[in-house]
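Some notes on the structure that comes next.
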Amino acid sequence: MSLAKARTMPGVMELLPLDQIAFQTMMETIRRNFERFGFLPIETPAIEFTDVLLTKSGGETERQVYFVQSTGSLQKGDDPTLALRFDLTVPLARYVAEHEHDLSFPFRRYQMQRVYRGESAQRGRFREFYQCDIDVIGKDQLSVRYDAELPAVIHSIFRELNVGAFTLQLNNRKILRGFFERLGVTDGEQQMQVLREVDKIDKRGAAAVRQTLTAEPFSLPAEQADAIMAFVAQRSSSHDSALAMLEALGGGNTTLEAGIAEMREVLTLLKALGVPEAFYLLNFSIARGLDYYTGTVFETILTAHPEIGSVCSGGRYENLASHYTKSRLPGVGVSIGATRLFYQLREAGLIGTARSSVQAMVAMLDDADLPLYLELAGQLRAAGINTEVQLEPKKLGKQFQYADRAGIRFVLMLGTDEKAKGVVAIKDMWRQEQFEVERAELTRTLRVEIEQSEAMPKVKTP
RNA sequence: GUGGGAUUAGCUCAGCUGGUUAGAGCAUCGGAUUGUGAUUCCGAGGGUCGUGGGUUCGAGUCCCAUAUUCCACCCCA
């Protein structure tokens, strides 16, 4: 009988325990910061009704949705009525519409769950991945001030994740649309198309984008294309220069003027929120591909690793849940793709293998003394130390090898010599040192050692 | 959905224009006096060369098909 090949489908991330600990450490940092800024947790089911999920989108998302069907329904040949969620924003819209009367507005929620997309496999692209979303949903209206609060949360998270310098890149779609309108590109659909092209400028290069804009189907006159290219090439270098960029735009139509006013308020509040100006800039080429963004848009780029692209992005949308309720529910949100972020940080060498969550291991020196070892482990656990006991007699060398591979730092030995002296030997696998402590002092000493070890960076870089 | 690469040991790969029993590094397992790992030394196991067909005296190597996988575009986190 041939064995089935043990494998996973492409596009899923599966980690070894120490990497899983590093991933969870990252997730805890994100969660802690979400909560620190006053966001509330929710979870929604992985499976939703297809008519709920497939409202807003047309071709592209539908192509990527996994439909879910019971075998019975499949055999009857029914069309699937269920599907796996492909993001957390659509389920949020459904959630808010469904629970509208039980929620307090503005509703500030965070959500960290897996989503599913039928992507073709590629590096850093996953079919199952974690999204960590925060959104603020208002009833009828929501102040643009919230658009400044979200980047402040993101700043707090990435600073704590210790991934080096990064910049929050901001823009406002009203500025882009208003500018295009002033230039004479007035058709809404064409504005969208131009937005999408302009958004690729950092990836494809300015020359290629200009080429696309002047060619079919855009066929923009050279002067228009040049004006657009000159406009979107602008980046601010400081808080004041960002304000000056806005000032220099002038006016001309209500869309443009509204965008400038919004952007100015966001920048001002970002500063007031205490985000140092080195961490944010105004970038007129940021547009985002998604259709539903209407105002502020943002992306986050790691300074040392621009090739990674945006590690966190989002923006402002009007009327999130128009498909489910007649209430007007505007919102602003950002999403961190945690799976891709972790994967790319690891590729870039910014995240190494974590230490084990097991803090101490009691070695087995004599099979007959097992009850003694169990008692010792009980003491440690009662003191809050994560402890593992060797339950099978093995050569001591093997036990050390096991501890080393498992990433366990402290190995405790209580054998004939130690019993006679009333001590426990502690071997520090990292420092390659060994010392003895009185049994009564054991938990206290070990706690000190572990605390010192915690004070060092959580994660060893390779 | 459109286009391009790749497939040889658990992993990363070598194998020149077809020529005997297909190799290396890492990993795994065992040993180097019975309470000390990761370093060193010695040894061992492990492959129907993705699958099916064809050309040939002879195919890992050439041709066709198929599967799988990766990359670029599209789109996105």
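Just so we're on the same page: letters track the sequence lines, and every chain starts at 1.
- Using a 5.5 Å limit on the distance between ring centres and a 30° limit on the angle between planes, the aromatic ring of F129(A) counts as stacked on the six-membered base ring of A77(B).
- For the pair R196(A) CZ and C75(B) P, the computed distance is 6 Å after rounding to whole Å.
- A donor-acceptor pair under 3.5 Å links the side-chain atoms of N171(A) to the main chain of I286(A), judged by distance alone.
- Atom-to-atom, OH of Y293(A) to C1' of C76(B) comes out at 10 Å; the value is rounded to the nearest Å.
- The nearest whole Å value for the distance from the CD atom in Q434(A) to the P atom in U36(B) is 10 Å.
- Residue contacts for G397(A): at a heavy-atom cut-off of 4.0 Å it reaches the sugar-phosphate backbone alone, with no base atom in range.
- D133(A) and S335(A) are linked by a side-chain donor-acceptor pair at a separation below 3.5 angstrom, with hydrogens and angles left out of the test.
- Atom P of nucleotide G37(B) and atom NZ of K394(A) are separated by 16 Å, given to the nearest angstrom.
- Only the C1' atoms considered, C73(B) is 35 Å distant from G15(B), to the nearest whole Å.
- Taking atom P on both nucleotides, G45(B) is separated from G50(B) by 24 Å, rounded to a whole Å.
- For the pair L365(A) CG and U36(B) P, the computed distance is 10 Å after rounding to whole Å.
- Checking Q111(A) against T44(A) by side-chain atom types alone, a donor-acceptor pair falls below 3.5 Å.
- Side-chain to base pairing of E418(A) with G35(B): one donor and one acceptor N or O lie within less than 3.5 Å of each other.
- Every stem involving RNA chain B, taken as at least 3 paired positions in a row under the Watson-Crick or G-U wobble test at 3.5 Å, is listed here: B:1-7 with B:67-73, B:10-13 with B:23-26, B:28-32 with B:40-44, B:50-54 with B:62-66.
- No contact: Y402(A) has no heavy atom under 4.0 Å from any strand.
- Taking atom C1' in both U48(B) and A44(B), the straight-line distance is 23 Å, to the nearest Å.
- Other residues, nucleotides and ligands place no more than 12 heavy atoms under 6.0 Å from the OH atom of Y146(A).
- The cationic group of R288(A) does not satisfy the cation-pi geometry with Y293(A), failing either the under 6.0 Å distance to the six-membered ring centre or the 45° limit from the ring axis.
- A cation-pi contact, defined as under 6.0 Å to the ring centre and within 45° of the axis, is absent between K427(A) and F410(A).
- Side-chain atoms of E262(A) and N172(A) form a donor-acceptor pair, as typed in the model, at a separation below 3.5 Å.
- Rounded to whole Å, the distance from CE on M364(A) to P on G37(B) is 19 Å.
- Spacing of P atoms, A27(B) relative to U39(B), comes out at 7 Å, to the nearest Å.
- Going from the C1' atom of G10(B) to that of A67(B) covers 22 Å, rounded to whole Å.
- With G35(B), G37(B), C76(B) as the candidates, the nucleotide lying closest to the side chain of R125(A) is C76(B).
- Between F158(A) and F166(A), the ring-plane angle classifies as tilted under the 30° and 60° cut-offs.
- Taking atom P on both U61(B) and U21(B), the two are 16 Å apart, rounded to the nearest angstrom.
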Measure all distances between protein nitrogen or oxygen atoms and nitrogen or oxygen atoms of nucleotides 66-72 of chain B, and list the pairs falling under 3.5 Å.
residue: C71(B); atom: OP1; partner: R123(A); partner atom: N; Å: 2.6
residue: C71(B); atom: OP2; partner: Q122(A); partner atom: N; Å: 3.3
residue: C71(B); atom: OP2; partner: R123(A); partner atom: N; Å: 2.8
residue: A72(B); atom: OP1; partner: R123(A); partner atom: NH2; Å: 3.4
residue: A72(B); atom: OP2; partner: Q122(A); partner atom: OE1; Å: 2.6

Polar atoms only, N or O, under 3.5 Å: list the protein pairs with nucleotides 3-9 of chain B and their distances.
none

Under-3.5 Å N/O pairs linking protein and nucleotides 28-30 of chain B:
residue: U28(B); atom: OP1; partner: R405(A); partner atom: NH1; Å: 3.2
residue: U28(B); atom: OP1; partner: R405(A); partner atom: NH2; Å: 2.8
residue: G30(B); atom: OP2; partner: K398(A); partner atom: NZ; Å: 3.3

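- Regarding R288(A), its CZ atom lies at a distance of 12 Å from the P atom of C75(B), rounded to whole Å.
- Applying the salt bridge (charged side-chain N to carboxylate O under 4.0 Å, His left out) rule to R32(A) yields the partners E160(A); only residues at least two apart in sequence or on another chain are considered.
- Residue K200(A) places at least one side-chain N or O closer than 4.0 Å to OP1 or OP2 of C74(B).
- Using a cut-off of 4.0 Å between Lys/Arg side-chain N and Asp/Glu carboxylate O, E441(A) and R444(A) are scored as salt-bridged.
- Remark: the separation of the C1' atoms in A6(B) and G54(B) is 23 Å, to the nearest Å.
- One P atom belongs to A65(B), the other to G19(B), and the distance between them is 25 Å to the nearest Å.
- Distance CG (D199(A)) to C1' (C75(B)): 11 Å, rounded to an integer number of Å.
- A donor-acceptor contact shorter than 3.5 Å is absent between the side chain of R94(A) and the backbone of T89(A).
- Closest non-hydrogen pair, A403(A) versus V411(A), comes out as CB-CG2, 3.7 Å.
- The side chain to side chain donor-acceptor pair (under 3.5 Å) test applied to N162(A) returns no partner, not counting sequence neighbours.
- Taken from OG1 in T416(A) to CG in D369(A), the straight-line distance is 7.5 Å, to the nearest 0.5 Å.
- With no hydrogens or angles considered, a side-chain donor-acceptor pair links Q24(A) and Q20(A) at under 3.5 Å.
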